[in-house]
Asks: 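Take this structure, written in structure tokens, and hold onto it; I'll ask about it next.
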Amino acid sequence: MRDYNFQEIEKKWQQRWFDEKTYKVVEDESRKKFYVLNMFPYPSGAGLHVGHPLGYIASDIYARYKRQQGYNVLNPMGYDAYGLPAEQHAIKTGQHPEISTFQNIDRYRQQLDKIGFSFDWDREVRTCTPDYYKWTQWAFVKMFNSFFCNKEQKAMPIEILVEHFEKEGTGDWDLACSEPMSFGADEWNSWDDKRKSEVLMNYRLAFLGETMVNWCPQLGTVLANDEVVNGVSERGGYPVEQKRMRQWCLRVSAYSQRLLDGLDTIDWSESIKETQRNWIGRSEGAEVQIRVEGSDVVFTIFTTRADTMFGVTFFVLAPESELVDVVTTADKRAEVDEYLRYVKSRTERERMIDHTVTGVFSGAYGINPITGESCPIYISEYVLAGYGTGAIMAVPAHDSRDYAFAKHFNLPIIPLVEGADVSSESYDAKEGTVMNSPVSPERCVAYDGESLCLNGLSVKEAIAETKRFVAAHNLGRVKVNYRLRDAIFSRQRYWGEPFPVYYKDGVPTMIPEHCLPVELPEVERFLPTESGEPPLGNAQVWAWDEVEERIVDKALIDEERVFPLELCTMPGFAGSSAYYLRYMDPKDDEALVSDTAASYWQSVDLYVGGSEHATGHLIYSRFWNKFLFDLGVSKCEEPFRKLVNQGMIQGWSSFVFRLRGKDTYVSYDLLEVKYDDAAKKNRFFYEGSEADPVYTDISTVGGGKVLDVEMFRQWMPEFRNAEMVLNAEGQYIVYQAIEKMSKSKYNVVNPDDICERYGADTLRLYEMFLGPIEQAKPWDVAGIDGCHRFLKKLWQLYWDKEGNLAVTDSEPSAESMRSLHKLIKKVSEDIESFSYNTSISAFMVAVNELTAQRCRDRVVLEGLVELIAPFAPHIAEELWHAMGHGSSVCDAPWPVFEERYMVESSVKLGVQFNGKVRFAMDFAADASPEDMVALAMAAPEAQKYLEGKQVVKTIAIPKRIVNIVVK
RNA sequence: GCCCAGAUGGUGGAAUCGGUAGACACGAGGGACUUAAAAUCCCUUGGCCAUUGCGGCCGUACGGGUUCGAGUCCCGUUCCGGGCACCA
């Protein structure tokens, strides 16, 4: 017997793959390409845990499978190296974040190398290196120099817009913008450069905008919408407040429709597409102009329920709306100001949780253009400034929020749908027949002799009719609104891409493309400056010399040629938005990606990563790609054709219980557990005194939740002299809970330890065997022995008792060939559908069958190695070479399934009577339904079901089923 | 509240087209080998009844329906997970 020495085998082949650059890939027009990509990791200080490789293994299997099928497979890896943890580490230790980041990257690389991935490391990218972020800055400059035409639905160079303005002013062009503007050519031509640049800012895809932002005081920076969860920061959980600030933004909203439409063309899970659809939040409606009574002021409201205009009893403005100031009457000023102060005092989180009705009357009235009636204008925080126009018409009968407001302020409620009972709640459904629209003919204004009447129509018809009426008589327009907002692109941080921007007389100006990259300057301190500037304010050499085109000392700033540079840096998603394009051509100095490389690789065929990026990276990346597609750089409208979301692997956290104020720890089974309703958690008591749960490292806990007391005492000094209260069996039982793997929870399982003990191939197999790839599951080491045993059995197929290769060139038996081809079929199908867990089961069955058959035939055993190679590449490589092959098994052809080996002379089928299976019997494989029925009825087992009964019906499907219905 | 995805043994999970439910693995129990342990191998393992007779009944969250036949399709209910949420 030859032992399966996995440590030796894996070390040997990993070295060979490295030395021979087995996984290096080059463009080759003669072969079909396939692009596999993992979401690249942020290299954290905690290193890799067993959850990280899950997706990498799944995609590696697919990549290796495709390569064996003859595809030219691109399977790169890199690092998302900019991030907050490295900066916070730097603030704490004074060490430059680049040092700790690069250390972490080295550690990741070592850990990844032990698992045997087929990455082409020559294509590695790191978002924090200047040769990489040069292209992040470049894309930003391109966005700055672009506008978006709504009619063409694409980005175009800003020069075209300037030319248009010079000739026609705004004209009839429909443009994506921050604020709608209207001016003539004369007006434009009369403006100075500063004014022109301000106006252009309204249209640029990367623009400096004065907007409400999520400001996080604790982090000292603004955050994008997807970085704020439940009103607190995603990282750290700090409160977030709304603040008006001048920030760089990306006009992601311009691409709303394309981002939505693209979802129908890509192979992503329905749930993640739905998440993105929600996030984009398209709603079709109408904008209607409302004139303020007794003045020329006109404001616009947005509604999706145009049909309810006859039920409007008041209007509401968002407290942040500029209109508040305009409409408020003198006598209400004090009240309104007080209300605005109250709104400002509330945090985003308070506003989200607490929905009590608040608001104030502005003193003004708006005229409903349909009824001609005046309704009071209120100000309330339930109307959001950032959506629609920041103003609404309130229809309490058919909107629950308006209803609550109307009840609170005693405003009238007019029902508009037949049979709707609005005595205790609003009727929000868009169903039913419209009435009261109008109540009487005189309560309706005629335009050009036509007045609106909706009575008798269905709600849906009424919506369409009102939209038509409003548009036809210039009372407003049909409008599509999106919830998706522009991305705030500035971060008041150090460890990120610097902006290629300087301020010339306060006008933001791009640094010329040929001067990129603008490298991140050195600073003394990574904290904001004393005057409150972002950390880059600490940099001394941080000013732009326009004549010499280089970065110079700040002290040289003058009015002619040296100007201050932007102090903010770009957010985390900047570097991760186009990295898949850079992998195609990572060393190119002339372009983000060369035209040839982009044309060859097109887009990512398979993208694997976590679903937590659904509203962040996966939206930004699609936006970024669409922009680059408009530029002609990217060759595909969508960057990721197929997306697979791997589930998180959770850890088992273990707790011991410390008596409050003592160094005594009580076994879990001795405690009394009480549920505290107020705190919504369990509390634990021992002999009347309370015990607090304390994390203990999972390595201190053995099977059966028994704590190794000695190990526990040695684990941390604070437990050295711990007194342990044991149960009757003399054991200390811990409490365990499933949580996300995290360093601070001491529940991290490290892949290195598994590789050490069982080998990388076992780890790969086991992670895939754990269950469906998309599903979250706790890491449970218990099952790993099964996968390890399987590899040992596989190994034994190839060696005889003396340890020599046992493979022979004999003619394989029909049953061995059947076992093999059954496996080929199953595994090929499973890989295509990412059902790796079931293909591993199929391998186990096949190996058991071949062992029982004492199969030694080369044809079968080589086929087996070819099939297992993507899953367990090390053992496959070893066996492949042992069987006399010189080249790597990763270039071995993928076996082709042949139906002829599956042919069986007979099939075993269940025979049913009245739909229940009663017995099984053999039928000829080509038996006709009639023969099958006859044979089944003649069988001795059948007699007791036929006895005294009449056959009503027979159903027989060859190779499937025989059913006989009797009565 | 709206949208999406789920619920199968002690556990992870199979059943890909409506056709023998529980593959495969873990755990558990029993046995072989061994001084012993580890390793390895064999048997049993959804529930209940019968187990000196090869068998019977029930069973895929719950209640209905379609069908010769339903884990799978349809209607309703409950529960768990995820997303969105004063978005007009």
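A note on names: the letters A, B, ... follow the listed sequences, proteins ahead of strands, and every chain is numbered from 1. Quantities reported herein were computed from a predicted structural model and do not represent experimental measurements.
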Asks: What's the closest nucleotide to the side chain of A:Asn278 if the choices are B:C84, B:A14, B:A88?
Replies: B:C84
Asks: Which whole number of Å gives the distance between the C1' atom of B:A61 and that of B:G71?
Replies: 12 Å
Asks: Output the rounded distance in Å from CD1 (A:Ile961) to C1' (B:U67).
Replies: 14 Å
Asks: According to the Watson-Crick and G-U wobble definitions, with both distances under 3.5 Å, which nucleotide is paired to B:G69?
Replies: none
Asks: Which base sits across from B:A7 as a Watson-Crick or G-U pair, both distances under 3.5 Å?
Replies: B:U78
Asks: On a whole-Å scale, what distance lies between the C1' atoms belonging to B:G12 and B:A28?
Replies: 16 Å
Asks: Quick one: classify the glycosidic conformation of B:G9 as syn or anti, with syn meaning within 90° of 0.
Replies: syn
Asks: What orientation do A:Phe871 and A:Phe843 show, parallel under 30°, tilted 30 to 60°, or perpendicular over 60°?
Replies: perpendicular
Asks: Go through the N and O atoms of the side chain of A:Lys826 and the base of B:U16, and report whether any donor-acceptor pair is under 3.5 Å.
Replies: yes
Asks: Out of B:U16, B:C86, B:U20, which nucleotide sits closest to the side chain of A:Gln912?
Replies: B:U20
Asks: If B:A37 has a Watson-Crick or G-U wobble mate with both distances under 3.5 Å, name it; if not, just say none.
Replies: none
Asks: Under 3.5 Å, is there a donor-acceptor pair linking the side chains of A:Asp402 and A:Tyr382?
Replies: yes
Asks: Please state the C1' separation for the pair B:G6 and B:G83 - nearest whole angstrom.
Replies: 14 Å
Asks: Over how many whole Å does the gap from A:Glu425 atom CD to B:G1 atom P extend?
Replies: 11 Å
Asks: Counting only Watson-Crick pairs (N1-N3 plus N6-O4 or O6-N4) and G-U wobbles (N1-O2, O6-N3), all under 3.5 Å, who is the partner of B:U51?
Replies: none
Asks: Could you check whether A:Val316 gets within reach of a base, just the sugar-phosphate, or nothing at all, counting any heavy atom under 4.0 Å?
Replies: nothing
Asks: Looking at B:G19, I'd like to know if its phosphate oxygens (OP1 or OP2) sit under 4.0 Å from a side-chain N or O belonging to A:Arg960.
Replies: yes
Asks: Return the value, rounded to whole Å, for the distance between atom CD1 of A:Ile280 and atom P of B:C3.
Replies: 19 Å
Asks: Please find out if less than 6.0 Å separates the ring center of A:Tyr836 from that of A:Phe769.
Replies: no
Asks: Measure from the side-chain heavy atoms of A:Ile955 and tell me the nearest of B:G12, B:C68, B:C86.
Replies: B:C68
Asks: Can you tell me how far P of B:A39 sits from NZ of A:Lys793, to the nearest Å?
Replies: 14 Å
Asks: Just by distance, with hydrogens left out, do A:Ser426 and A:Asp399 show a side-chain donor and acceptor under 3.5 Å apart?
Replies: no
Asks: Does the side chain of A:Arg277 get closer than 4.0 angstrom to OP1 or OP2 of B:G83 through an N or O atom?
Replies: no
Asks: Which of the following nucleotides, B:C57, B:A21, B:C87, is nearest to the side chain of A:Arg918?
Replies: B:C57
Asks: How do A:Ile392 and A:Ile957 order along RNA chain B: which one's closest nucleotide is nearer the 5' end?
Replies: A:Ile957
Asks: If you check the A:Arg401 side chain, which of B:C4, B:A88, B:G19 turns out closest?
Replies: B:A88
Asks: Rounding to an integer number of angstrom, what distance separates B:A21 and B:G69 when you compare their C1' atoms?
Replies: 14 Å
Asks: Tell me which nucleotide among B:A39, B:U20, B:C87 gets nearest to the side chain of A:Tyr387.
Replies: B:C87
Asks: Are A:Glu284 and A:Lys479 ion-paired here, with the side-chain N under 4.0 Å from a carboxylate O?
Replies: no
Asks: Roughly how many Å apart are B:G65 and B:U72, using the C1' atom of each and rounding to a whole number?
Replies: 15 Å
Asks: Where does B:C17 land, syn or anti, given syn is within 90° of 0?
Replies: syn
Asks: Which whole number of Å gives the distance between the C1' atom of B:A38 and that of B:C48?
Replies: 40 Å
Asks: Tell me which nucleotide, if any, is Watson-Crick or G-U wobble paired with B:A28 when both distances must be under 3.5 Å.
Replies: B:U44
Asks: Would you say the side chain of A:Met309 lies within less than 4.5 Å of the side chain of A:Asp307, judging by non-hydrogen atoms?
Replies: no
Asks: If I take atom NZ in residue A:Lys792 and atom P in nucleotide B:A38, what distance separates them, rounded to the nearest angstrom?
Replies: 14 Å
Asks: Taking only the P atom of each, what is the distance from B:A7 to B:U60 in whole angstrom?
Replies: 14 Å
Asks: Would one find a side-chain N or O of A:Arg789 under 4.0 angstrom from OP1 or OP2 of B:U40?
Replies: yes
Asks: Distance check needed: B:G19 P versus A:Met921 CE, whole Å only.
Replies: 22 Å
Asks: Centroid separation under 6.0 Å, is that true for the rings of A:His788 and A:Tyr766?
Replies: no
Asks: Separation of A:Asp785 atom CG from B:G12 atom P, in whole Å?
Replies: 19 Å
Asks: Suppose you measure atom C1' in B:C74 against the same atom in B:U67; what distance do you get, rounded to whole Å?
Replies: 12 Å
Asks: With a cut-off of less than 4.0 Å, is there a side-chain N or O of A:Thr615 near OP1 or OP2 of B:G83?
Replies: no
Asks: Can you identify which nucleotide, out of B:C24, B:G13, B:A88, has its nearest atom closest to the A:Pro772 side chain?
Replies: B:G13
Asks: Categorize A:Asp830 for me: base, sugar-phosphate, or nothing, with a 4.0 angstrom heavy-atom threshold over every strand shown.
Replies: base
Asks: Taking only the side-chain heavy atoms of A:Glu274 (C-beta and beyond), determine which of B:C41, B:C3, B:U20 contains the nearest atom.
Replies: B:C3
Asks: Would you call A:Arg277 and A:Glu270 a salt bridge, using N to O less than 4.0 angstrom?
Replies: yes
Asks: In terms of the nearest nucleotide of RNA chain B, which residue is placed more toward the 5' end: A:Met844 or A:Val965?
Replies: A:Met844
Asks: Test side chain to side chain donor-acceptor pair (under 3.5 Å) on A:Thr838 and A:Asp830; report intermediate values, then the result.
Replies: CA-CA 7 Å; A:Thr838 51; A:Asp830 281 351; 3.0 Å; yes
Asks: Between B:U40 atom C1' and A:His788 atom NE2, what is the distance in whole Å?
Replies: 13 Å
Asks: Among the candidates B:A88, B:A14, B:A25, find the nucleotide nearest to the side-chain atoms of A:Phe769.
Replies: B:A25
Asks: Quick one: label A:Lys273 by what it contacts on the DNA or RNA (base, sugar-phosphate, nothing), any heavy atom closer than 4.0 Å.
Replies: nothing
Asks: Counting just side-chain N and O atoms, does A:Lys953 come under 4.0 Å of either OP1 or OP2 of B:C68?
Replies: yes
Asks: If you compare every side-chain N and O of A:Tyr482 against the phosphate oxygens of B:C87 (OP1, OP2), does one of them come in below 4.0 Å?
Replies: no
Asks: Using Watson-Crick or G-U wobble geometry with both distances below 3.5 Å, tell me the partner of B:A23, or none.
Replies: none
Asks: In the strands shown, is B:G1 matched to any nucleotide by a Watson-Crick or G-U wobble pair with both distances under 3.5 Å, and which?
Replies: B:C84
Asks: Could you walk me through whether A:Tyr62 and A:Tyr65 pass the ring pair (Phe, Tyr, Trp, His ring centres under 6.0 Å) test, one step at a time?
Replies: CA-CA 5 Å; A:Tyr62 202 83; A:Tyr65 160 74; 5.8 Å; yes
Asks: With the side chain of A:Leu384 defined as its heavy atoms from C-beta on, choose the nearest nucleotide among B:C17, B:A23, B:C86.
Replies: B:C86
